[in-house]
Amino acid sequence: MLIASQMEPTYARRVYPCFDEPAMKATFSIRIVHDPSYVSLSNMPAIDVSEVKDENGSLWTVTTFNTSLKMSTYLTAFVICDFDYVTRTERGNEIRIWARKEAVKNGYVDYALNITGPIFSFLEDVLNISYPLPKTDLVALPDFGAGGMENWGLMIFQEASLMNLPSDEFTSRKAMIALVVSHELGHQACEWFGNLVTMNWWNDLWLNEGLASYFEYLGATFVEPKLSLDKIFYVHVVQPVLREDSEIVRSLSESEDKIKGSFSLMSLFDNITYSKGASITWMLSGFLTEKLFIRALTSYLKEFSFSNANQDDLWTHIQMVVDGQDEVQLPASVKQIMDSWTCQNGFPVLTLNLTTGTIRQEQFFNKKNRKNTDSYNNTWIIPISWMRNGSSQPLTWLDKSSKMFPEMQVSESEYDWILLNVNLSGYYRVNYDQLNLKRLARLLETDPKAIPAVSRFQLIDDVFALTDFGYVPIETALELTKYLAKEDELFIWNVVLLNLIPDNLESILKNYEVYPLLKKYLLKRMLPIYHYYAGFIHQNVDALEDDYFAQVYLEKLFATACWLGLQDCLDLSSELYAKWMDNPEHKIPFLIRKTVCCYGVAVGSDKEWNFAWKMYNHTDSVEEDEDILLYAMSCANEPWLLYRYLQYGLSDTLFSSNCTSAIISHVVTTDIGHRIAWEFVTENW
């Protein structure tokens with residue numbers, strides 16, 4: 001039994017009488033009466049613990065907490081639990097990580113403890129703002145609706161966001177914990193986002209969450225320097241929200257009158273607020289320089305500490321810093337520039353004509369679905385980082401719908417090329433004319449490293465998005481993938497595969513004429529990177545423990561290779577699965593476990609399927625392994641095994657499983673499987 005609170009955005013009013021709005025800050029004196037066998041936690045340290053008897057003579061514990069600093073109601077918090085904790089002190093700040101006793105005993109929260117203090121210190125040093133509380137508690141709950149919550153002095157997390165097995169050296173797991181912890185610490189230690197300085201009203205929620213999301217990546221890469229900041233930021237933040245933002249009709253900062261009622265408040269806690277807010281902040285820091293950006297934030301924090309502000313207050317402080325120096329010159333006021341990004345929905349696509357040197361902007365939208373009544377007239381003030389023939393050029397600006405840049409006119413030489421939005425520094429897409437695309441495609445085939453890795457990622461992601469939305473034909477996108485035999489970056493391969501073979505279309509693609517074409521086109525380009533990583537799987541998989549992208553994306557690469565029928569991949573899966581069958585203590589490498597189990601069953605017989613069924617029913621199997629085995633049994637190619645799978649008492653599990661759609665799509669890969677599965681689904685759905 002435990003109790004934990006979640007007040008954001010409007011639930012404090014359900015716990016105690018209050019004016020439950022972020023601008024109405026107060027100090028809070030909290031006392032909790034609870035069962036003596038439990039401990040109670042709140043925002044501030046406990047200053048007294050006493051006992052009292054009720055009218056029935058039962059003994060209760062009374063824990064009284066120190067009066068809080070001035071803060072918003074949504075940040076008040078309490079937890080009553082029988083947890084244990086580990087602790088350390090960082091710059092006078094007592095840090096405690098609370099969790100179930102067996103988790104603490106087994107060291108599951110040691111990693112979180114080891115990184116919390118250093119991230120705190122890093123943020124304090126960067127922003128020149130000291131953490132004002134004497135203690136910080138982080139609590140790992142077995143069940144919690146969000147990844148984490150930044151209650152001042154008492155942060156609450158899902159267990160999965162805070163726990164790490166001591167034996168698990170993989171960077172990907174630690175990276176996730178570092179990111180979540182760093183995000184919530186960003187709220188604690190600094191910024192308007194949002195404990196020290198809070199937004200006036202929820203319409204500027206991005207001032208809380210967008211900035212915390214930006215600093216979470218700085219903090220995480222500080223404690224895990226093996227992570228590549230720019231790569232993981234673009235892969236996990238910018239690229240996904242660009243995909244989403246083109247379909248959502250709302251701006252980052254809404255007018256107050258649009259945000260009415262708790263339902264619309266909850267809808268603001270989305271990727272636009274978090275990831276677009278972080279992306280816009282990244283762009284802002286880029287064109288200001290990080291030095292000026294941090295200087296402005298520090299000035300802002302000191303003026304509005306323990307009070308409230310809106311985005312115009314931030315723009316004012318940035319403008320003051322810009323006006324006080326002459327290194328960075330802007331084409332308009334900070335407010336004019338930034339309002340064009342925060343007060344308009346969507347984002348622009350730039351179209352470059354190399355012959356004239358003209359850049360034109362328009363709102364990026366789906367031309368295939370456009371209605372005659374739709375209006376897309378937004379314009380932005382756009383910072384353009386660019387490169388010519390491998391040399392970085394001075395930052396320039398597009399502050400109108402179309403503008404000519406003579407310096408971007410190119411010669412007739414095929415070696416004269418232009419690259420815009422270098423390293424995805426701006427929140428927009430780029431559409432090149434055919435002349436530049438051909439030159440970039442040729443460059444990629446001859447010397448791909450001449451274009452930075454993040455820009456290669458961006459080129460491919462942009463051109464497929466442009467294809468999806470009707471700007472360019474699919475042939476244009478494929479032209480930029482011809483070079484892939486020379487591509488050694490997994491995060492770039494992943495974006496290619498997600499566009500050419502979406503996870504939800506694998507079974508459909510295999511039933512159409514496109515499959516043999518994809519197989520021929522992709523396999524010969526995949527072989528170099530496949531064999532590179534297969535070598536590690538064969539000889540020393542532990543060498544990949546620091547390779548974040550291998551841990552995140554290698555599964556997709558191997559799954560695609562096996563799906564395309566690469567014999568080496570199928571043989572490897574059979575070999576590793578057979579070793580596991582011979583000795584269940586011999587674990588299949590975690591990085592490709594799902595693929596190996598699937599194709600171990602697919603190319604095997606009933607013996608392999610029966611082993612998967614046996615391990616699925618094993619009492620020690622964890623939920624993740626159960627999902628993998630459930631998925632693997634659906635990979636069988638024998639019709640009678642598929643029928644047994646669907647009739648073997650798995651139907652209830654299948655329809656309650658997280659991987660239902662993936663399982664069904666695998667079952668229907670073959671014609672006979674399609675018929676059996678369709679009969680079963682229509683009868684049992």
Side-chain angles (χ1 to χ4, degrees), residues 1-8 10-22 24-101 104 109 113 116-117 120 130-141 144 148-157 184-185 187-189 194-196 198 305-307:
M1 300 282 289
L2 69 88
I3 297 174
S5 66
Q6 169 63 24
M7 309 294 200
E8 188 182 32
T10 57
Y11 303 120
R13 64 192 68 175
R14 298 190 181 188
V15 180
Y16 56 87
C18 58
F19 295 103
D20 195 12
E21 300 195 11
M24 296 186 179
K25 293 192 171 187
T27 59
F28 296 85
S29 298
I30 295 174
R31 185 183 65 169
I32 297 177
V33 183
H34 56 93
D35 187 293
S37 62
Y38 286 74
V39 64
S40 65
L41 306 171
S42 189
N43 304 83
M44 300 298 288
I47 56 173
D48 183 67
V49 179
S50 60
E51 293 181 342
V52 64
K53 287 185 177 180
D54 62 19
E55 61 271 21
N56 298 319
S58 299
L59 195 65
W60 294 83
T61 296
V62 181
T63 302
T64 304
F65 298 92
N66 211 341
T67 301
S68 76
L69 300 177
K70 193 176 177 184
M71 64 184 187
S72 302
T73 50
Y74 78 87
L75 292 170
T76 56
F78 56 89
V79 173
I80 298 95
C81 62
D82 60 353
F83 288 176
D84 202 353
Y85 67 91
V86 290
T87 184
R88 67 184 286 179
T89 300
E90 182 89 9
R91 296 182 179 178
N93 173 20
E94 184 187 14
I95 298 167
R96 298 183 297 184
I97 315 283
W98 296 80
R100 290 178 292 108
K101 289 176 181 177
V104 172
V109 294
L113 180 68
T116 299
F120 253 126
S130 296
Y131 180 61
L133 300 186
K135 69 92 177 174
T136 304
D137 287 315
L138 292 78
V139 184
L141 299 184
F144 187 55
M149 176 61 202
E150 69 269 16
N151 312 302
W152 216 358
L154 179 59
M155 291 176 280
I156 297 175
F157 299 83
E184 305 309 334
L185 291 180
H187 289 291
Q188 300 290 310
N195 301 7
L196 187 60
T198 313
S305 290
F306 303 105
S307 62

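These numbers were taken from a predicted model, which means no experiment stands behind them.
Using a 4.5 Å heavy-atom threshold, the side chains of Phe65 and Ile32 count as touching. Within the 4.5 Å cutoff, no side-chain heavy atoms of Glu184 are placed close to those of Leu138. At least one side-chain heavy atom of Ile156 sits under 4.5 Å from a side-chain heavy atom of Phe144. No side-chain heavy atom of Phe28 sits under 4.5 Å from any side-chain heavy atom of Met44. Side-chain contact between Leu75 and Met7: absent, with no pair of heavy atoms (C-beta onward) separated by less than 4.5 Å. When side chains are defined from C-beta on, Phe78 counts as touching Ile3, because their heavy atoms get closer than 4.5 Å. Counting heavy atoms from C-beta outward, Leu41 and Phe83 have side chains that stay 4.5 Å or more apart. When side chains are defined from C-beta on, Pro132 counts as touching Leu69, because their heavy atoms get closer than 4.5 Å.
Applying the 6.0 Å contact sphere to OH of Tyr16 captures more than 12 heavy atoms from other residues, nucleotides or ligands.
Between Thr76 and Asn151 the shortest heavy-atom distance is O-OD1, 4.1 Å. Considering every non-hydrogen atom in both Pro36 and Thr61, the closest pair reads CA-OG1, 3.2 Å. Across all their heavy atoms, Pro22 and Ser72 have their closest contact at O-OG, 2.7 Å. A pairwise comparison of heavy atoms in Leu141 and Ala4 identifies CD1-CB, 3.5 Å as the closest pair. Contact detail for Met24 and Phe19: the closest heavy-atom pair is SD-CB, 3.2 Å. Listed here is the closest heavy atom pair of Ala46 and Thr63: CB-CG2, 3.8 Å.
Considering only residues two or more places apart in sequence or on other chains, Asp137 meets the side-chain hydrogen bond (donor to acceptor under 3.5 Å, both in side chains) condition with Arg96, Trp98, Lys135. Among residues two or more places apart in sequence or in another chain, the salt bridge (charged side-chain N to carboxylate O under 4.0 Å, His left out) test is passed with Arg13 by Asp20. Taking Arg14 as the reference, nothing meets the salt bridge (charged side-chain N to carboxylate O under 4.0 Å, His left out) condition, with sequence neighbours excluded. For Val62, the side chain to side chain contact (heavy atoms under 4.5 Å, CB included) partners two or more places apart in sequence, or in a different chain, are Arg31, Val33, Ser50, Val52, Thr64. Qualifying salt bridge (charged side-chain N to carboxylate O under 4.0 Å, His left out) partners for Glu94, counting only residues two or more places apart in sequence or in other chains: none.
Within the 3.5 Å criterion, the main-chain N or O of Glu8 finds a donor-acceptor partner in the side chain of Gln6. Judged purely by atom type and a 3.5 angstrom limit, Ser42 uses its side chain to pair as donor or acceptor with the backbone of Ala77.
Within the structure, salt bridge (Lys or Arg N to Asp or Glu O under 4.0 Å) pairs that include any residue of residues 77-90 comprise Arg88-Glu90 (at least two apart or interchain).
Under the 3.5 Å distance criterion, with hydrogens and angles disregarded, a donor-acceptor pair is assigned to the side chains of Asp35 and Ser37.
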